[in-house]
Amino acid sequence: MLLPHARTLTRARSCLAALADQAPSIDASSAYEHVLIELDRLHADDCPAIDPDDVPADPALLIAHATSAIENLHQHGVDALSVELVLAMLVDAASLDRT
């Protein structure tokens, strides 16, 4: 994994972890964690650490940053269909977060 790919993945993982921590319900938190697990699975658990210092506090910004980072993973060789499926999982998790 090259450095730009690692940075993009770190950004996505960090935002997802922050969303899981801030989620108002256990269901929403679990859904965000499932997105994180799927990202890790796509990378065969060869993932960089989470950087909690580089994420915004606002949940809307976290979702926007996570979405952007996940979309950019396609540029680093991640299968486009897998990216779309992870994005769909994120949308589902965000909908649980709002209820």
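Rounding to the nearest 0.5 Å gives a distance of 10.5 Å between CG of Leu36 and CG of Leu19. To the nearest 0.5 Å, the span separating CG on Leu73 from CG on Leu9 amounts to 6.0 Å. Leu42 contributes atom CG, which lies 12.5 Å from atom CD1 of Ile37 (distance to the nearest 0.5 angstrom). One finds the CZ atom of Arg11 at 12.0 Å from the CD1 atom of Ile70 (value rounded to the nearest 0.5 Å).
At least one donor-acceptor pair under 3.5 Å links the side chain of Thr67 to the backbone N or O of Ile63.
Contact between Leu96 and Ser25 at its shortest, heavy atoms only, is O-OG, 4.5 Å. Annotation for His65 and Cys15: closest pair CB-SG, 3.6 Å, computed over non-hydrogen atoms.
Arg7 is linked by a salt bridge (Lys or Arg N to Asp or Glu O under 4.0 Å) to nothing, counting only residues two or more places apart in sequence or in another chain.
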Donor-acceptor pairs under 3.5 Å, side chain of residues 28-35 to any protein atom, not counting sequence neighbours: which ones?
unit_1	atom_1	unit_2	atom_2	d
Ser29	OG	Ala20	O	2.9
Ser30	OG	His34	ND1	3.4
Tyr32	OH	Asp97	OD2	2.9
His34	ND1	Ser30	O	2.7

Listing, residues 77-93 side-chain donor-acceptor contacts under 3.5 Å, not counting sequence neighbours, or none:
unit_1	atom_1	unit_2	atom_2	d
Asp79	OD2	Leu81	N	3.4
Asp79	OD2	Ser82	N	3.2
Asp79	OD2	Ser82	OG	3.4

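The 12-atom threshold is exceeded at CG of Leu3, counting heavy atoms of other residues, nucleotides or ligands nearer than 6.0 Å.
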